[in-house]
Participant: 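Right, I'll just put the structure down here and ask away after.
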There are 2 protein chains.
Amino acid sequence: MSPRRVPVSRRDRPAKPPLSRDGVMSVALRVMREEGLERVTMRRLAAELDTGPASLYVYVDNLAEMHAALLDALIADLPLPSGDDAGCWREDVIGLLDAYTRILMGHPGLARSALVLRPSGPHYLRLVDAVLGLLHAGGIPVRQAAWGVDLLLQHATATAAEQGTRDGSADADGEVRQQVSAVRDADPGDHPHLHRARDELFSGTGEQRARWAFSTLLDGLAAGRGGD
Amino acid sequence: MSPRRVPVSRRDRPAKPPLSRDGVMSVALRVMREEGLERVTMRRLAAELDTGPASLYVYVDNLAEMHAALLDALIADLPLPSGDDAGCWREDVIGLLDAYTRILMGHPGLARSALVLRPSGPHYLRLVDAVLGLLHAGGIPVRQAAWGVDLLLQHATATAAEQGTRDGSADADGEVRQQVSAVRDADPGDHPHLHRARDELFSGTGEQRARWAFSTLLDGLAAGRGGD
DNA sequence: ACCTGAACACCGTTCAAGT
DNA sequence: ACCTGAACACCGTTCAAGT
């Protein structure tokens, strides 16, 4: 209809847009959301971008660096607490860490990468700053807070890596059942403490245990004897 | 010299011993100790045992199950605290978890597997029982102890997975340096709390931080408000 | 039952060569 | 500088066929 037509490439296939870091990353994000991180391979992204895998190495150092960038992109969606409402700092930390855990739980493979990655993206730094701010508002001394933020974020990441819904290795809950029955079948004489705690070891929902864990970590930070 | 000779196989190559679960596992352990977990592949073990990879599936479910067995074999070397010396339970827990962390740090890849694995081997159960016993000796209530042992062991595993000496992805300390400089270069106006804590975020040795973390977790368990 | 060869369906990364 | 095809050096797992 319009008199000006977009020039069409030879042989009337749609023009192949030039490669770029953003282009690679946005395809990576889409494939991750639609099919999971395990499908985000150099070869798959290359095919999606109509080129060979070697071409991606102009825009991406390697797979690990790309995972770090994907993690940062996910963190961008995290709603950070607004100002410094000192009253409910405790609920705010737990809520924030809970939200972070939930985001990672959608991509357990990425959580597993994040454990090894030492993320340093801009959104990750914002997250660390926000947690530090809340701990400060709660009156937790700076060294406790500095070391504590690592502990809190590590727990979130490890928990997400552990859960591994559908992603990960075949039947995750097959392993859980095996662990449950191993504990139940253990000789009570050889494992008296295991036997005493057997009903509590697997009690509670994931949600309850996550909030308990964050709460317990905050208690430990507030107690602040640490180190000795 | 001896009149009785061991029968020699045809063509005088050493007789190929029959395959067995123990044989597979002991080769796996040796390769892991000598060359790292990343070399423990089905194909490599098969070559070492002079057969094809398919043959191993008679004795091993899959790679994940073999990793679980390797982890349990490592835990067997862990010296568990002797009796119930209630006086120094705190030091005993920290020492035990420290030893566990150290064992896993030698095999970061295995630590990474262990995070997803829900181990249920006999030696792992002994370890859980020992930790529960020490927490009990310290007067920590059974539910706190039951949920706490997960938290403590998860921290040990995640820390070992994080450290990743030489194993793992290329240059681990390259990533650390990048994280350090990202924190140092972050805009102080945008990241006031990060800026305030910047010198403490990377302070301390791995050893100091590990002991601090375990200590802080125990403080949290002892405080015992958890859950709300 | 145990063992095997061969195949299936993939990987990340490098590198010489082109434009 | 950017892009490519082809290669290098591997993976875990399955399966039909043999013994």
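Numbered from 1 within each chain, the chains take letters A, B, ... in sequence-line order.
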Participant: Could you tell me how far apart B/Glu35 (CD) and D/dC10 (P) are, to the nearest whole angstrom?
Facilitator: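 It is 12 Å, rounded to the nearest whole Å.
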Participant: Between C/dA6 and C/dC10, how many Å separate the two C1' atoms, rounded to a whole number?
Facilitator: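 Going atom to atom, C1' in each nucleotide, I get 16 Å.
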Participant: Can you see which heavy atom on A/Leu221 is nearest to which on A/Gly148, and at what distance?
Facilitator: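 So the minimum-distance heavy-atom pair works out to CD2-CA, 3.7 Å.
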Participant: On a heavy-atom basis, which atom in B/Ala69 and which in B/Arg21 lie closest, and how many Å separate them?
Facilitator: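 In this case the closest contact between B/Ala69 and B/Arg21 is CB-NH2, 3.5 Å.
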Participant: Taking atom types as modelled, is there a side-chain donor on A/Gln154 or A/Thr157 under 3.5 Å from an acceptor on the other?
Facilitator: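 Not at all, the side chains of A/Gln154 and A/Thr157 share no donor-acceptor pair under 3.5 Å.
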Participant: Nearest whole angstrom, please: distance from the P of D/dT14 to the CG of B/Asp61.
Facilitator: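 That distance rounds to 10 Å.
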Participant: So, A/Ser203 and A/Glu200: side-chain donor and acceptor under 3.5 Å apart, yes or no?
Facilitator: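 Per modelled atom types, A/Ser203 and A/Glu200 side chains form a pair under 3.5 Å.
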Participant: Just how far, in rounded Å, is C1' of D/dG12 from CE of B/Met42?
Facilitator: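 That distance rounds to 7 Å.
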Participant: Please report the distance, rounded to the nearest Å, between CG in A/Leu37 and P in C/dC11.
Facilitator: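 Distance, rounded to whole Å: 13 Å.
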Participant: Return the value, rounded to whole Å, for the distance between atom OH of A/Tyr57 and atom P of D/dG5.
Facilitator: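 Roughly 16 Å, once rounded to whole Å.
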Participant: Distance check needed: C/dG12 P versus A/Glu65 CD, whole Å only.
Facilitator: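 It works out to 14 Å between those atoms.
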Participant: Please give, in whole Å, the distance from C/dC10 C1' to A/Glu38 CD?
Facilitator: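 Whole-Å distance recorded here is 13 Å.
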Participant: How long is the straight-line distance from NE2 of B/His123 back to CG of B/Leu71, given to the nearest 0.5 Å?
Facilitator: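 So the CG of B/Leu71 and the NE2 of B/His123 are separated by 11.0 Å.
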Participant: To the nearest 0.5 angstrom, please state how far the NE2 atom of B/His107 sits from the NE2 atom of B/His67.
Facilitator: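 Interatomic distance, B/His107 NE2 to B/His67 NE2, rounded to 0.5 Å: 12.0 Å.
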Participant: Would you mind telling me which residue lines up with the more 5' stretch of DNA chain C, A/Arg39 or A/Pro53, judged by nearest nucleotide?
Facilitator: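 Counting from the 5' end, the first nearest nucleotide belongs to A/Arg39.
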Participant: With nearest nucleotide decided by heavy atoms, which residue, A/Leu56 or A/Arg43, maps closer to the 5′ end of DNA chain D?
Facilitator: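 Of the two residues, A/Leu56 wins.
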Participant: Grab the CG-C1' distance between B/Leu45 and D/dG12 for me, whole Å please.
Facilitator: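 Roughly 12 Å, once rounded to whole Å.
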Participant: Go ahead and write out DNA chain C as dot-bracket, 5' to 3': ( ) for pairs within the strand, [ ] for ones crossing earlier pairs, | when the partner sits on another strand, dots for unpaired; Watson-Crick or G-U wobble, both distances under 3.5 Å.
Facilitator: ||.|||||...|||||.||
Participant: Which nucleotide, C/dG12, D/dC15, D/dT4, lies nearest any side-chain atom of A/Thr41?
Facilitator: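 Comparing C/dG12, D/dC15, D/dT4 against the side chain of A/Thr41, the answer is C/dG12.
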Participant: Verify, without hydrogens or angle tests, whether A/Arg198 (side chain) and A/His195 (backbone) share a donor-acceptor contact under 3.5 angstrom.
Facilitator: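 Yes: the side chain of A/Arg198 pairs with the backbone of A/His195.
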Participant: Taking only the side-chain heavy atoms of A/Ala54 (C-beta and beyond), determine which of D/dT13, C/dT4, D/dA6 contains the nearest atom.
Facilitator: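 Closest nucleotide among those given: D/dA6.
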Participant: Between D/dC11 and C/dC8, how far is it from one C1' atom to the other, in whole Å?
Facilitator: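 My reading of the C1' atoms in D/dC11 and C/dC8 gives 12 Å.
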